Amino acid sequence: MDGHTQEVDAGHHPVKVLSRKTFPWRWKNSQGDIVDEKFVLSSLSVWASDPDSYVKRLAKEISIQTNVSLPDDSGLEEIAEKWIEKCIKKLFANPKWGQYNLDLIYEDRDFPDRRKIQLPRSILRDQYEMQKRNKDKQQGEIDRLETALLMAALSKNEFERRGIKRFLIVYPFSKKNKVDYFFAWLSSEEKVYAILIDPKLAESNFHNNVESATNIITDLFRSNSSIRQELNTNGIYFEESTPIIAIDFQNSMKKYSISEVR
């Protein structure tokens, strides 16, 4: 308003509102400039920190079963590894188990790129409600990136309480894939562990997967010391010149003041 009576035309600027399920790669601000890519990648910590009741309920079940199945004097490495194993058994379709009966699908797409990512709450809620309505279990689909983020969301409270860090590592180590996704964790002893998110995750030998993936990520960190340095300082490693992305979910949220999804 000009004074008290005259309207001033400030012009018009169209604003595109994205769904909250959209990973906004190549996001532009109101001036048309690309938003800091490290900040956008760090926004994945929103998916990895979903505080929804469906997430908390399953996380509690996994924690109880993990604690029951391990000796009282178990170390952090044993607890974290058993926790992830129980998580996989709860989530994925398998003749022996698979409470949520999810089907882990393979999508060979470029990353990072703008795309839809299901929220952990949506994955669990939709599958839970669908199974409650039907006598026969129906499979819901989840891809590799969504799986890594769901595992991160489920483990958030338990791992942070124990001082265990959670990471997403995007590293195309195999020539057959454009992208390979790893969920990794780091205990207070500063030794990194990882699991490769693969469509055969539920059927393959869990401990062999952890051993192989841990060796791959350990070698990656050893050969590129700047990854660990950037994760400790900024919570994220990303360089246009390399196909490697690493995100420390807890550190990146603090660095970029990112809030949990509500």
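The analysis underlying the following values was restricted to heavy atoms, covering all of them including side chains, and did not include hydrogens, waters or symmetry mates. Keep in mind that what you see is a predicted model, and the values were worked out from it rather than measured.
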Peer 1: Among Arg115, Arg114, Lys116, which residue meets the side chain to side chain donor-acceptor pair (under 3.5 Å) test with Thr22?
Peer 2: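 Looking at Arg115, Arg114, Lys116, the match for Thr22 under the side chain to side chain donor-acceptor pair (under 3.5 Å) is Lys116.
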Peer 1: Are Thr147 and Phe92 packed together at the side-chain level, in the sense that at least one heavy-atom pair is separated by less than 4.5 angstrom?
Peer 2: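 In short, these two side chains touch, coming nearer than 4.5 Å.
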Peer 1: Minimum heavy-atom separation for Ser49 and Arg166, please, with both atom names.
Peer 2: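 Ser49 and Arg166 have their closest heavy atoms at OG-NH2, 4.3 Å.
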Peer 1: Write down the atom of Leu41, the atom of Pro112, and the distance for their closest heavy-atom approach.
Peer 2: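 It is CD2-CB, 4.1 Å.
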Peer 1: Would Trp25 and Val40 satisfy side-chain contact (heavy atoms from CB on, under 4.5 Å), going step by step from the backbone distance to the final call?
Peer 2: CA-CA 7 Å; Trp25 191 243; Val40 176; 3.9 Å; yes
Peer 1: So which of Leu201, Asp180, Asp198 actually passes side chain to side chain contact (heavy atoms under 4.5 Å, CB included) with Arg144?
Peer 2: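 The single option meeting the side chain to side chain contact (heavy atoms under 4.5 Å, CB included) with Arg144 is Asp180.
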Peer 1: Give the intermediate values and the outcome of salt bridge (Lys or Arg N to Asp or Glu O under 4.0 Å) for residues Lys191 and Glu77.
Peer 2: CA-CA 9 Å; Lys191 178 170 172 53; Glu77 289 82 4; over 6 Å; no
Peer 1: Write down the atom of Lys56, the atom of Pro51, and the distance for their closest heavy-atom approach.
Peer 2: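 Looking at all heavy atoms of both residues, the closest pair is CE-O, 3.2 Å.
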Peer 1: So how far is it from Gln127 CD to Leu91 CG, rounded to the nearest 0.5 Å?
Peer 2: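 With rounding to 0.5 Å, CD (Gln127) is 10.0 Å from CG (Leu91).
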Peer 1: Would a single hydrophobic cluster contain both Ile34 and Phe111, if residues Ile, Leu, Val, Met, Phe, Trp and Tyr are joined by side-chain heavy-atom contacts under 4.5 Å?
Peer 2: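 No: no chain of side-chain contacts under 4.5 Å links Phe111 to Ile34.
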Peer 1: I'd like to check the side-chain hydrogen bond (donor to acceptor under 3.5 Å, both in side chains) partners of Arg222; sequence neighbours left out, ordered by chain and number.
Peer 2: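 Arg222 satisfies side-chain hydrogen bond (donor to acceptor under 3.5 Å, both in side chains) with Asp219 once adjacent residues are dropped.
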Peer 1: Just checking Glu107: does its CD atom have more than 12 heavy atoms from other residues, nucleotides or ligands closer to it than 6.0 angstrom?
Peer 2: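 Yes - once you tally the heavy atoms of other residues, nucleotides and ligands closer than 6.0 Å, there are more than 12.
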Peer 1: Is the shortest side-chain heavy-atom distance between Tyr256 and Lys38 below 4.5 Å?
Peer 2: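 With C-beta onward as the side chain, the pair touches.
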Peer 1: Look only at the side chain of Asn209 and the backbone of Leu196, and say whether a donor-acceptor pair between them is shorter than 3.5 Å.
Peer 2: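 Yes, the answer is positive, given that a donor and an acceptor are paired below the 3.5 Å cut-off.
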Peer 1: Report yes if the distance between the aromatic ring centroids of Tyr193 and Phe167 is under 6.0 Å, otherwise no.
Peer 2: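 That pair fails the under 6.0 Å test.
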Peer 1: So if you build clusters from Ile, Leu, Val, Met, Phe, Trp, Tyr with side-chain heavy-atom gaps below 4.5 Å, do Ile62 and Ile79 land together?
Peer 2: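 Shared cluster, no.
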Peer 1: If you define the side chain from C-beta out and look only at heavy atoms, does anything of Ile197 sit under 4.5 Å from Leu104?
Peer 2: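 Of all side-chain heavy-atom pairs linking Leu104 with Ile197, at least one is under 4.5 Å.
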Peer 1: Which atoms form the tightest heavy-atom contact between Leu149 and Pro120, and what is the distance?
Peer 2: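 Smallest heavy-atom distance, with atoms named: O-CG, 4.3 Å.
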Peer 1: Mind checking side-chain hydrogen bond (donor to acceptor under 3.5 Å, both in side chains) for Ser63 and listing every partner two or more places apart, or none if nothing turns up?
Peer 2: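 Partners of Ser63 by the side-chain hydrogen bond (donor to acceptor under 3.5 Å, both in side chains) criterion, ordered by chain and then number, come out as Trp83, Glu158.
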Peer 1: Can you confirm whether Ile247 sits close enough to Phe238 that some side-chain heavy atom of one is under 4.5 Å from a side-chain heavy atom of the other?
Peer 2: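 Ile247 does not reach Phe238 side chain to side chain.
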Peer 1: Can you spot which of Leu168, Leu231, Leu186 makes a side chain to side chain contact (heavy atoms under 4.5 Å, CB included) with Asp248?
Peer 2: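 The passing option is Leu231.
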Peer 1: Please report the shortest heavy-atom distance between Ile258 and Ser42, naming the atom on each side.
Peer 2: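 Between these two residues, the closest heavy atoms are CD1-O, 3.4 Å.
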Peer 1: Which word best sums up how the rings of Trp185 and Phe183 line up, parallel for under 30°, tilted for 30 to 60°, or perpendicular for over 60°?
Peer 2: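 Taking Phe183 first and then Trp185, their aromatic rings sit tilted (interplane angle of 30° to 60°).
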Peer 1: Give the ring-plane orientation class for Phe23 versus Trp47, where under 30° counts as parallel, over 60° as perpendicular and anything between as tilted.
Peer 2: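 It falls in the perpendicular class, over 60°.
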Peer 1: Which heavy atom in Ile142 sits nearest to a heavy atom in Gln118, and how many Å separate them?
Peer 2: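 Ile142 and Gln118 have their closest heavy atoms at CA-NE2, 4.3 Å.
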Peer 1: Evaluate the salt bridge (Lys or Arg N to Asp or Glu O under 4.0 Å) criterion for residues Asp108 and Lys178: first the C-alpha distance (whole Å), next the side-chain angles of each, then the deciding distance (0.1 Å), finally the verdict.
Peer 2: CA-CA 6 Å; Asp108 194 18; Lys178 288 182 180 178; 5.3 Å; no
Peer 1: Which is it for Lys89 and Glu85 under the salt bridge (Lys or Arg N to Asp or Glu O under 4.0 Å) test, yes or no, and what are the steps along the way?
Peer 2: CA-CA 6 Å; Lys89 289 182 177 180; Glu85 184 179 19; 3.8 Å; yes
Peer 1: If you measure from the Lys or Arg side-chain nitrogens to the Asp or Glu carboxylate oxygens, is any gap between Glu160 and Lys165 under 4.0 Å?
Peer 2: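 No, this pair does not count.
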